[in-house]
Amino acid sequence: MIAALLLLFVAQDVPESPENEIVVVGKRLEGISVHVSRGADGKFGCSLSQSSGSASVDGQLCKAAAKCARQGALSQDAMRGCIEARKPAILEDFSRRIRAGKRG
């Protein structure tokens, strides 16, 4: 029952407080897959399976993916593991900014 209510809350996308906004973005972050490609110019490209709802979080995910690739996480499993390991720090940074009254 509690899980169903939480899912209903997340589906409504109504962050009424900073804490609720953090929860909503955190739940979205759990389900995001990052896809990285490398162009002929050597630059990394990034796409997300969905947005977290925060442009800064989305950007940090792409930066993390590029860093993972530069560090040698070239297989799908290695890339997934590397990005998943960075998600908690990205959410913590978002949480600090939201609690400080900074949106994004």
State the [atom1]-[atom2] distance between [X] and [Y], to the nearest 0.5 angstrom.
{"X": "Leu61", "Y": "Ser47", "atom1": "CG", "atom2": "OG", "value": "11.5 Å"}
{"X": "Ile83", "Y": "Cys62", "atom1": "CD1", "atom2": "SG", "value": "8.5 Å"}
{"X": "Arg80", "Y": "Ser33", "atom1": "CZ", "atom2": "OG", "value": "7.0 Å"}
{"X": "Ile98", "Y": "Ser56", "atom1": "CD1", "atom2": "OG", "value": "7.5 Å"}
{"X": "Arg99", "Y": "Ser17", "atom1": "CZ", "atom2": "OG", "value": "10.0 Å"}

Which heavy atom in [X] sits nearest to a heavy atom in [Y], and how many Å separate them?
{"X": "Ala78", "Y": "Leu74", "value": "CB-N, 4.4 Å"}
{"X": "Val36", "Y": "Ala65", "value": "CG2-CB, 3.2 Å"}
{"X": "Leu91", "Y": "Ile22", "value": "CD1-O, 4.1 Å"}
{"X": "Ser51", "Y": "Ile32", "value": "C-CD1, 3.9 Å"}
{"X": "Arg86", "Y": "Gln71", "value": "NH2-OE1, 3.0 Å"}

How about Val34 and Met79: do any of their side-chain heavy atoms sit closer than 4.5 Å?
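Not touching, per the 4.5 Å side-chain cut-off.
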Under the criterion side-chain contact (heavy atoms from CB on, under 4.5 Å), which of Gln60, Glu21, Lys102 is the partner of Phe94?
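Output: one option passes, namely Glu21.
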